[in-house]
There are 2 protein chains.
Amino acid sequence: MDHEPLHRRIAGDIERRIASGEWQPGFRIPTEAELMAEYGCARMTVSRAITDLASRALVVRRRRAGTVVAHPPVHSSALVSIPDIQSEVEGRGLTYSHRLMGRIVRPALAEEEMGGRVIELETLHLADDVPFVFERRLIALDVAPDAETADFAAQPPGGWLLANMPWTEAEHRISAVGADRETAAGLGLADGAPCLRLERRTWRDGQGVTQASQIFPGGAYDLVARFSPTKG
Amino acid sequence: MDHEPLHRRIAGDIERRIASGEWQPGFRIPTEAELMAEYGCARMTVSRAITDLASRALVVRRRRAGTVVAHPPVHSSALVSIPDIQSEVEGRGLTYSHRLMGRIVRPALAEEEMGGRVIELETLHLADDVPFVFERRLIALDVAPDAETADFAAQPPGGWLLANMPWTEAEHRISAVGADRETAAGLGLADGAPCLRLERRTWRDGQGVTQASQIFPGGAYDLVARFSPTKG
DNA sequence: GAGTGGTCTAGACCACAAT
DNA sequence: TTGTGGTCTAGACCACTCC
């Protein structure tokens with residue numbers, strides 16, 4: 001039953017000793033030559049295992065000095081799953097629908113950094129006809145001129161952009177806000193009810209494509225991050 | 001000036017064609033044999049380049065079917081910086097302090113999955129003496145018996161755990177809540193004010209070590225995620 | 001100078017999946 | 001069946017950096 005590649009076994013062995021605390025941060029792990037001898041394999045195989053660990057920042061390699069166990073990150077980071085609303089709703093076995101609540105075309109403000117003209121859209125996303133997310137979105141018409149004639153009542157802006165304007169960079173901000181009047185009305189909440197706000201900006205080759213602010217009722221949604229150093 | 005390794009150059013060339021849109025999602029990129037010929041190098045060099053792209057989920061490799069450009073992350077994920085409070089405060093040039101507001105030792109509830117006994121701590125974190133975060137935390141005494149005698153008035157529980165109980169797995173949940181009475185009092189907010197709640201659970205070798213619920217005033221904090229597929 | 005990792009070669013055999 | 005990636009070998013030379 002030994003189908004595990006040798007380089008994974010080597011990486012796993014080292015990882016386990018780090019996770020168990022046997023090899024503390026700063027500890028110098030065996031050299032590649034020593035590991036070759038220990039496992040009876042070629043140097044590339046050892047090197048591949050250590051390259052994998054280094055790419056996950058578990059170890060730091062330095063010529064001449066050898067490879068040492070990395071110090072744990074002060075600001076630890078974690079992989080957070082940022083949901084695509086439609087997939088999320090359908091993944092829960094519910095029916096997705098949406099309503100376009102507002103649409104205007106206007107000059108972009110300088111601080112928006114979206115070029116000359118933008119289209120501003122307000123969309124309500126529903127799960128089984130229950131309001132779920134209220135979204136305000138800007139799309140830069142300089143970058144995505146087709147957005148001006150796209151039918152966002154038929155296809156939600158997020159889906160349209162995914163199909164027509166793949167991004168190369170994105171930034172997400174997550175914060176808590178009280179629902180403003182319009183949002184509260186759309187989502188059927190009391191004014192000021194706690195909501196999770198997910199702001200997303202994307203760029204394509206350095207040019208701003210879109211900015212979206214998505215508001216979830218606080219009780220309705222969780223963002224989950226799971227991080228395991230042993231699994232990358 | 002050409003000190004760039006060949007495998008990076010190959011990976012970079014492919015990456016650029018993906019980022020530019022020249023190679024769309026689903027496009028089958030040249031086989032390893034074709035890339036060997038194109039770059040006049042050994043197969044391992046090509047393979048290393050593609051392995052790197054695959055590890056960043058830019059492409060998907062399948063035997064026989066070849067390597068294709070990955071579909072954009074529908075459930076895109078992003079590296080979110082999960083703050084260590086003390087570092088965060090000090091990083092802003094402010095003075096960090098904390099107050100232990102509550103401490104009890106009690107049997108764990110079954111649904112807490114924390115073994116037999118836990119210590120429950122309430123800590124207020126301050127920046128320049130202004131309340132910043134209210135934290136409720138459980139620590140499993142089966143796993144971390146020393147926590148029962150540790151002086152959490154001197155060292156905040158997060159720092160103590162970092163030094164004494166490195167974790168191997170962690171899960172974060174982010175949600176929005178209205179401040180309850182105790183939290184509102186601690187943070188100097190109105191009852192029900194929108195707050196960002198960061199819940200963190202960690203495990204060590206499969207055993208629950210700690211659970212923390214950290215409440216930030218909604219206006220005081222943002223979690224920022226920046227993601228660039230071209231930079232990993 | 002010498003020890004360490006960084007890269008690369010020119011093969012080889014195997015595993016898997018599409019046909 | 002066969003084309004593709006997955007892994008591995010046994011070397012080689014180079015680059016960096018600590019001594």
Side-chain angles (χ1 to χ4, degrees), chain A residues 1-18 23-71 230-232, chain B residues 1-18 23-71 229 231-232:
Chain A
M1 297 308 258
D2 181 12
H3 291 291
E4 186 185 42
L6 181 54
H7 70 86
R8 291 193 145 287
R9 199 184 121 208
I10 298 173
D13 285 352
I14 295 171
E15 221 172 309
R16 234 167 286 121
R17 283 186 266 210
I18 294 173
W23 288 354
Q24 297 281 329
F27 177 85
R28 181 177 153 163
I29 76 173
T31 65
E32 299 193 352
E34 289 165 346
L35 290 168
M36 283 171 65
E38 180 178 345
Y39 289 93
C41 66
R43 191 178 148 216
M44 269 227 69
T45 305
V46 168
S47 180
R48 180 167 179 179
I50 300 179
T51 298
D52 178 48
L53 297 175
S55 77
R56 289 187 278 143
L58 279 169
V59 299
V60 176
R61 309 176 90 175
R62 265 169 308 170
R63 288 172 159 111
R64 171 77 200 194
T67 300
V68 301
V69 176
H71 284 80
T230 63
K231 292 177 191 163
Chain B
M1 299 301 264
D2 182 10
H3 292 290
E4 187 184 41
L6 182 54
H7 69 88
R8 291 193 145 288
R9 197 184 123 208
I10 297 173
D13 285 352
I14 295 171
E15 218 173 313
R16 235 166 286 121
R17 281 185 267 211
I18 294 175
W23 289 353
Q24 296 282 328
F27 177 86
R28 182 175 151 163
I29 76 171
T31 65
E32 299 193 353
E34 288 165 346
L35 290 167
M36 283 171 67
E38 180 178 343
Y39 289 94
C41 68
R43 188 176 149 220
M44 269 228 70
T45 305
V46 169
S47 179
R48 180 166 178 180
I50 300 180
T51 298
D52 178 48
L53 298 175
S55 78
R56 289 187 278 141
L58 278 169
V59 298
V60 176
R61 309 176 91 176
R62 266 170 307 171
R63 288 173 161 110
R64 170 79 199 193
T67 299
V68 301
V69 176
H71 282 80
K231 292 176 192 165

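The figures here come from the full heavy-atom set of this structure, side chains too, leaving out hydrogens, waters and symmetry mates. In what follows, every chain begins at residue 1, and chains take the letters A, B, ... in the order their sequences are listed.
For B:Met36 and C:dC8, the CE to C1' distance is 12 Å, given to the nearest whole Å. Between the CZ atom of A:Arg61 and the P atom of D:dC16 there is a distance of 16 Å, given to the nearest Å. Rounded to whole Å, atom C1' of C:dC8 lies 14 Å from atom CD of A:Glu32. Taking atom CD1 of B:Ile29 as the reference point, atom P of D:dT4 lies 13 Å away to the nearest angstrom. Atom P of nucleotide D:dC8 and atom CZ of A:Arg8 are separated by 10 Å, given to the nearest angstrom. Spacing between atom CD of B:Glu4 and atom P of D:dC14 amounts to 20 Å, rounded to whole angstrom units. Rounded to whole Å, the distance from CZ on B:Arg9 to C1' on C:dC8 is 14 Å. Across the protein-nucleic acid pair, A:Ile50 atom CD1 and C:dG6 atom C1' stand 12 Å apart, rounded to whole Å.
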Sugar-phosphate or base contact per nucleotide [nucleotides 9-19 of chain C; S, B, -; heavy atom under 4.0 Å]: BB-B--BBBB-
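Among the duplex regions that DNA chain C forms, those built from at least three successive Watson-Crick or G-U pairs under 3.5 Å are C:1-18 with D:1-18, ordered by first number.
Contact annotation for B:Thr67: backbone-only contact, meaning every heavy-atom pair under 4.0 Å involves sugar-phosphate atoms and none involves a base. Within 4.0 Å of A:Arg28, counting heavy atoms only, lie sugar-phosphate atoms of the nucleic acid but no base atom.
In this structure B:Arg16 satisfies the side chain to side chain donor-acceptor pair (under 3.5 Å) test together with B:Asp13, sequence neighbours excluded. For B:Arg61, the side chain to side chain donor-acceptor pair (under 3.5 Å) partners are B:Glu32, B:Thr51, not counting sequence neighbours. Checked against side chain to side chain donor-acceptor pair (under 3.5 Å), A:Arg62 has no partners two or more places apart in sequence or in another chain. A search for side-chain contact (heavy atoms from CB on, under 4.5 Å) contacts involving A:Glu34 returns A:Pro30, A:Thr31, not counting sequence neighbours. The side-chain contact (heavy atoms from CB on, under 4.5 Å) search around B:Met36 returns B:Arg43, B:Val46, not counting sequence neighbours. In this view, A:Phe27 and A:Trp23 satisfy the ring pair (Phe, Tyr, Trp, His ring centres under 6.0 Å) rule, not counting sequence neighbours.
The side-chain heavy atoms of A:Val59 and A:Ile18, taken from C-beta on, include a pair separated by under 4.5 Å. The shortest side-chain heavy-atom distance between A:Glu15 and A:Leu53 falls under the 4.5 Å cut-off.
Pairs of residues two or more places apart, or lying in two chains, never qualify as ring-ring contact (aromatic ring centres under 6.0 Å, His included) while including a residue from residues 29-61 of chain B.
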